[in-house]
Amino acid sequence: MRTERYNAREVERKWQATWDEKELFRTRNEDPKPKYYVLEMFPYPSGRIHMGHVRNYTMGDVVARYKRARGFNVLHPMGWDAFGMPAENAAMANKTHPAKWTYANIATMRNQLKSMGLSLDWHREVATCDPSYYKHQQRMFLDFLGAGLIDRKTARVNWDPIDKTVLANEQVIEGRGWRSGALVEQRKLTQWFFKISDYAQELNDALDGLERWPEKVRLMQRNWIGRSEGLSVRFALQTNQAAKSEIEIYTTRPDTLFGASFIALAPEHPLSKKVAESNPDLLAFIEECRKMGTAQELIDKAEKTGFDTGLRVTHPFDPSWTLPVYVANFILMDYGTGAIFGCPAHDQRDFDFATAYKLPIKTVVCPPDQDPKTYSVGDAPYDGEGKLCNSSFLDGLTIEAAKEEVVKRLEKESLNNKPVATRKINFRLRDWGISRQRYWGCPIPVIHCEVCGTIPVPIQDLPVKLPDDVTFDVPGNPLDRHPTWKHTSCPQCGKAARRETDTMDTFVDSSWYFVRFTNPWLEDHPTERSVVDGWLPVNQYIGGIEHAILHLLYSRFFTRAMKKVGHVGMDEPFDGLFTQGMVVHETYRDKEGQWVTPAEIEIYTNDGERRAKLISNGTPVEIGSIEKMSKSKRNTIDPDDIIGSYGADTARWFMLSDSPPERDVIWTEESIQGAARFIQRLWRLVGEVADLQPSENAHDAAAEDAVITIRKAAHRSIIRVEEDLERLRFNRCVAHAYELANALQAELTVKKDKKVSPQWIAAMREASEFLIAIIAPMMPHLAEECWAELGHRSMIAEASWPKADRSLILENDIVLPIQINGKKRADITVARQADNVTIEQAVLSLDSVKAALDGKAPKKIVIVPQRIVNVVV
RNA sequence: GCGGACAUGGCGAAACUGGUAGACGCAAGGGACUUAAAAUCCCUCGGUAGUAAUACUGUGCGGGUUCGAGUCCCGCUGUCCGCACCA
């Protein structure tokens, strides 16, 4: 029996150095083996890694190491999402330059990641703030500009008053900035836009093909893109009022046209403005709406208000029927046509509006269980299924049929020499505004010339580098107030001109880093086509669900844009996507209600109840709810502390063991100790196996049985782990490892101080090697040490995955559970090949079955081959 | 409000395509070793009754389909997530 404990710190350092020295994880693009690209979302260099990173990167590393063992040429790179606001905030707070702060953080975090023993190819490391990276991004911006993928337009944008910058729609969460949490205001600015909405249909349709993505993420993207099929209908103004003769509205419910009671226009609608020119009251109303529109939160709470313009339109199916035209605060100018027809009986918003302004509410859809002659909506609109009523020629039709009928008829009608209505598909997705009024981002490579207009920076002048000498003592954009940086000359006419001082949204940086990793050394081009097309799409991408829309949708668009200008050959960047859960922890508060860190408290049990007290003075601490680890609740665990005291393997093992990877995992001290215990146990186990010596004359029949049992356990484990690793079910792999370890330990205990045969020892060694192979992707350092302990001179990191012998695990006899009326009553052991007659006879001769039958014949015997028998009495 | 996911012992969870519910881990209890502790090893561990064999019961609640339901269908409750005047 071995007594020396496994020293994780020493062993881990040793193997990390050895892997490094041998450049084991350096990936060669020209390696002829089949390619496998596994990638975890790269981190923002905030200063230190957190447990979320540990979980994310451990999962990716398991896949990388496993695929390497399976004979793939694995690309597993790492980089830094290095531009962004926090660097500027730090610059303001500490008077350090954003670059200095960022690179210092990168150095720290790189060391932390290295201490985890990740099998990364560090030769390919990129930082998005490096000119050698953003130079290519600027190049692609120019390519996109040339290809018509970019727009510069004045638009109402989301303005974050704390970060003093613009946000994309996707970056506004519940009316607040995604990073600052400030209430977002609406402002009108001239901005650069990526025309992602040109790809709305395609991005939507291609979701169907992303079979290895979580359904949840696909659904979120589908909802975000928001495709809707509807009808654009033009209503004739009663007379040529306000110099217009018609109003075009958009609707997805043309079937309810006979329930229309008003038209509503957005306050920014051209016709609203036109009428307001001669109507001061309307002008005032529009002004009020605009003011209201600055804070998103107010919009959400605002009551529906409107203003009757006095205009009237005629109903397309009844020239004698006219409807009033309102300007209403709840109509959005940038969706559809900025105008709607209101059908109060079947739409909540229209109902609210009609109630407020005492407009008619006419029921036109009758629910299936109601009588259309008498039914009428009460104090709530009805938007469910049903058949049309009070709707002339539509009466009795289903909603779908009625829609078709309306479309068919209105397409034939004509107004001002055009069909009254045309089918139209609308999307919720807007263009991606990428201008940010910040310093620490990729400069947008254009020059504004008074004479020539907006001129791209010539490609040979790239990169447009950020100036180093900037100040952060006042709010606003340091680039804009830099004394010289923005002053340049026009590339076209040579006259004095001004650089664009906005930088790009940092989501642009992360929209193509996975592409750059395939050849990060290339200087003249963003990509090398033969290389990038070999590696992409990423086979397995792993990251947080929080990027379900932002990063993943942008990347899908960006890849298509890159394809259009010839930098890549594929549409979709990520073939397989996995979104992992968070790391959560209990929270603690002292008597004053202040948050207390886990390190400051001690857990004990009193009368069977878990309690906590302060280590310093023993005062009781309240155990609170389990929450996402956060600095504010002080329930974080520092990965450095864990790796320092338990070792990287313990941290990795724990991250994989307790919960399914897509679910949150609860960090507990007990569990981490359990993981540490298993490492010691495994080390002892392997030591004992390594020491086994054959005894003389130890060959007997019982030993032969044991050999088969051991080998079956080992080979079965390999097969199960293979299946589970392919599906990223790490928690099950952990269970299989425990099971095999338990089986080997039990076997050692049985044979303790007894004679053992060489065959038995061989089986034990084989099983131990399999066990080491199983844990190697998860606990690579321990696996190397154990591997060496068994006498191997090579490394397990270079070894092939064991080949399981499937014939071994095929049992000759199988145990069939026997049910009587669906309840399990007995087992029988029969030959695998046994036919149904044999099984039936065996079942009927069972005492419990005889007792249940009481001499009668069974009603039925269901035999499910290899599974179960059910006797129905 | 709309859309979606989930619900299994004291806890984290497993259970393939409808086929033995609770693998594996944690906690707890008992025991061995030890002067003692730690570490380690062994045993018990959904509930009720029983010394036990065993029986009954049990996967949020109420129904249904089926020889058989944690798994499928319908209705409800709760929790979490996404979207939110998108016509």
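Keep in mind it's a predicted model, so treat the numbers as computed, not measured. Every chain is numbered from 1, with letters handed out A, B, ... down the list of sequences.
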Next on the checklist: Classify A:Ile331 by what it touches in the nucleic acid, base, sugar-phosphate, or nothing, heavy-atom distance under 4.0 Å.
Outcome noted: base
Next on the checklist: Can you tell me the base-pairing partner of B:C83? Count Watson-Crick or G-U wobble geometry only, both distances below 3.5 Å, and say none if there is no partner.
Outcome noted: B:G1
Next on the checklist: What's A:Thr749 touching, base or sugar-phosphate or nothing? Going by heavy atoms closer than 4.0 Å.
Outcome noted: nothing
Checklist entry - Do other residues, nucleotides or ligands put more than 12 heavy atoms under 6.0 Å from A:Asp379 CG? => result no
Next on the checklist: Using side-chain heavy atoms (C-beta onward) and a distance below 4.5 Å, is A:Phe262 in contact with A:Phe341?
Outcome noted: no
Checklist outcome for this item: Checking B:C67, B:C41, B:U20 against the side chain of A:Ile868 (C-beta onward), the nearest is B:U20
Checklist entry - Going 5' to 3' along nucleotides 3-13 of chain B, which nucleotides have protein heavy atoms under 4.0 Å from the base (write B), which only from the sugar-phosphate (write S), and which from neither (write -)? => result SS-------SS
Item to check | From B:C83, B:G19, B:C24, nucleotide with atom closest to A:Trp224 side chain | outcome: B:C83
Checklist entry - Where the side chain of A:Arg5 is concerned, which of B:U20, B:A23, B:A39 is the nearest nucleotide? => result B:A39
Item to check | Per A:Lys824 side chain, nearest of listed nucleotides B:C16, B:G82, B:U20 | outcome: B:U20
Checklist entry - What string of B, S and - do you get for nucleotides 52-57 of chain B 5' to 3' if you count protein non-hydrogen atoms under 4.0 Å? => result ----SS
Checklist entry - Choosing from B:C83, B:C16, B:C24, which nucleotide comes nearest the side chain of A:Tyr738? => result B:C24
Checklist entry - So, does the side chain of A:Lys304 form a donor-acceptor pair with the base of B:C85 at under 3.5 Å? => result yes
Next on the checklist: Within the 4.0 Å heavy-atom criterion, would you say A:Thr252 contacts the bases, only the backbone, or no part of the nucleic acid?
Outcome noted: sugar-phosphate
